[in-house]
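All values derive from a computational prediction rather than experimental measurement. Numbers for residues simply follow the sequence, beginning at 1.
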Amino acid sequence: MSWLSRAGARLLPAERRDWAEAVWAEAQEVPPGWPRLAWRAGGVRLISREAQMVRRTGTLLLFTAATGAAAWSAWPGSAVSDAAAVRADVIVLVVLLAGMPLLSRWLLGPPANRMARWLRAGCYAAILAMLPARAATQLFLGTVPRGGHDLHIFHLFQGAGVPGTVTADASLKVLLLLIGACGLAIILALTARRTPVAPATLAIGAGAGLVLGVAVYAMDPLGISKYVTAPWLRGTMIDTVPAGRAQYLVALAWIMLFGAPLAAGLLAGRRSHVPGTLEQVTVARAWQGLAAGLISGGVGALFVTVAGTGTTALLIKSAWVRDLLYHGQHLTASAVYGREIFASQNVGGYGAALLVFPVIGFVMGLAGAGVANGQATPRPDGGRPPGPPGPPGPEPQPDPPDGRRLADAGADQDRLPGRHEVGDGDEDHQGPPGLVGAGLGRLP
């Protein structure tokens, strides 16, 4: 039972663990049998009443249920070729989701604040929602039609394949898993307690990332390629340079790709108020801006990946979604299959977004923090805001000739101003006579 007591004590706050261990240790003083069991049951009941333990237990149960549902829905019914690769993909991703937070807690501590917990929960929910959608697109893309026009279209997009079989591309899956693991590690590190990222920085970065993700998703909801994949825009799957409304949406997406992390870094840097020297404050602003830009790029890439992969999976599975996306377009069955396989193939482009967007966010967030530092750096004039000039200050006195000392104003009020003072060893020098000396010279 000692391992059970240690596990229960770890669920409590640090200031309450000694109390839990004492309650459990006193059970040895109780007579064995039912009295000791009743004592331990009472201790378990008291420990379970702790609010933090209830919250952690609820979070664990919710995560377990969501992970199980996502894995069950993504689990293919057959273990042939690509289905086996999809199963391995699901298992590895679930292990990463369960193990990386424990490693992060051990190295960097638990989540720092409520905003950090919300950001982690949102990222986990997005990844779990992507599991079944990703499995559906992978299985559809790897299934070779048995013949007809669909087989010709498959050969056109995917190359050669044996009709009726399922192909697999393990290298791409491994690459996507590595990219996802790195992104998850960055999110866990930036939200940990030992990482000095302010809650406002997390909120600013997440908000900017959502705006970026919505802008890119509106342009490419069915995969990322050189074409605009939005069915509701003119030029979709036709022109590499879109016309009409699409060109404005493409321009907006590019502006948001660089502008969202830049704005996030600027706002996070300006909101950073850290006491210290000028160098310490500059470094703190740079770190907050960098973190905000990195989070905005990661959140934007994750949003467009989850939303785009889910839309593509619904396009494959749901006739209602197909009619909604291609409303008013009379498409043959072969044309629909071509759109579906084209979208499934372009889902791999979201992996490039998961890699490129955080890098752009890193650079632009650091640039935004640099702008914030430039605006907050004191100017040579003392940092006064521009405005009408005030009264002029006292002008500096000129250096006296020959190294002599000028008389200070009000220094010797018992003497007349302008009287030349003769110091020791300066008897031979006769300065200009004062008024008193001039009056005495005229006396008989």
Side-chain angles (χ1 to χ4, degrees), residues 96-97 100-101 104-105 107-130 179-217 253 255-274 283-308 350-373:
L96 288 176
L97 291 177
M100 292 189 67
S104 173
R105 179 181 289 269
L107 295 176
L108 300 175
N113 45 66
R114 181 176 299 178
M115 186 61 208
R117 289 192 292 269
W118 278 107
L119 183 58
R120 285 191 179 187
C123 291
Y124 266 62
I127 294 174
L128 291 177
M130 188 175 59
I179 294 175
C182 292
L184 182 60
I186 291 174
I187 292 296
L188 292 175
L190 292 178
T191 54
R193 180 173 297 173
R194 298 174 190 170
T195 307
V197 179
T201 300
L202 299 177
I204 291 171
L210 290 177
V211 175
L212 169 61
V214 170
V216 178
Y217 173 75
I255 291 174
M256 294 306 302
L257 178 59
F258 291 90
L262 179 66
L266 175 61
L267 292 176
R270 295 183 64 179
R271 289 182 61 90
S272 177
H273 304 288
V274 179
V283 172
R285 288 198 187 101
W287 168 247
Q288 298 298 323
L290 185 151
L294 193 58
I295 292 173
S296 66
V299 170
L302 183 61
F303 179 89
V304 69
T305 299
V306 174
Y350 293 131
L354 289 172
L355 180 62
V356 175
F357 282 21
V359 175
I360 295 177
F362 178 92
V363 176
M364 300 309 296
L366 193 59
V371 175
N373 274 322

message = Can you tell me how far apart OH (Tyr217) and OH (Tyr350) are? Round to the nearest 0.5 Å.
response = 7.5 Å

request  = First locate atom CZ of Phe258, then atom CG of Leu212, and finally report the distance between them rounded to the nearest 0.5 Å.
outcome  = 10.5 Å

CH2-CG distance between Trp287 and Leu190, expressed to the nearest 0.5 angstrom = 5.5 Å

key: Inter-residue atom distance Leu184.CG - Leu354.CG, 0.5 Å rounding   = 11.5 Å

ask   = Does any N or O in the side chain of Thr191 come within less than 3.5 Å of the main-chain N or O of Ile187, such that one atom is a donor and the other an acceptor?
value = yes

ask   = Taking all atoms of both residues into account, what is the closest heavy-atom pair of Pro261 and Gly361, and its distance?
value = CB-CA, 3.6 Å

ask   = Are any of the side-chain heavy atoms of Met256 and Val211 separated by less than 4.5 Å?
value = yes

Please list every donor-acceptor pair under 3.5 Å in which a side-chain atom of residues 289-302 meets a protein atom from a residue at least two apart or in another chain.
from: Ser296; atom 1: OG; to: Ala292; atom 2: O; distance (Å): 3.3
from: Ser296; atom 1: OG; to: Gly293; atom 2: O; distance (Å): 2.7

remark   = Ser272 meets the side chain to side chain donor-acceptor pair (under 3.5 Å) criterion, sequence neighbours left out, with none

query = When you look at CZ of Phe362, are more than 12 heavy atoms from neighbouring residues, nucleotides or ligands closer to it than 6.0 Å?
reply = no

ask   = Looking at Ile360 and Leu257, what are the two nearest heavy atoms and their distance?
value = CG2-O, 3.7 Å

For the student: nearest non-hydrogen atoms of Gly109 and Arg120, plus distance = O-NH2, 4.4 Å

ask   = Got a second to check how far Leu262's CG is from Leu267's CG, nearest 0.5 Å?
value = 9.5 Å

Residue pair Ala181 / Met100: nearest heavy atoms and the distance that separates them = O-CE, 3.5 Å

query = Which heavy-atom pair separates Ala253 from Ala215 by the least distance, and what is that distance?
reply = CB-O, 4.1 Å

message = How close do Leu188 and Ser104 get, counting heavy atoms only, and between which atoms?
response = O-OG, 3.6 Å

Could you go through residues 193-209 and list every donor-acceptor pair under 3.5 Å that involves a side-chain atom there, pairing it with any protein atom two or more places apart or in another chain?
from: Arg194; atom 1: NH1; to: Leu107; atom 2: O; distance (Å): 2.6
from: Thr195; atom 1: OG1; to: Ala189; atom 2: O; distance (Å): 2.7
from: Thr201; atom 1: OG1; to: Gln288; atom 2: OE1; distance (Å): 2.6

message = Tell me if a side-chain donor or acceptor on Tyr124 pairs with a main-chain N or O of Leu97 at a distance below 3.5 Å.
response = yes

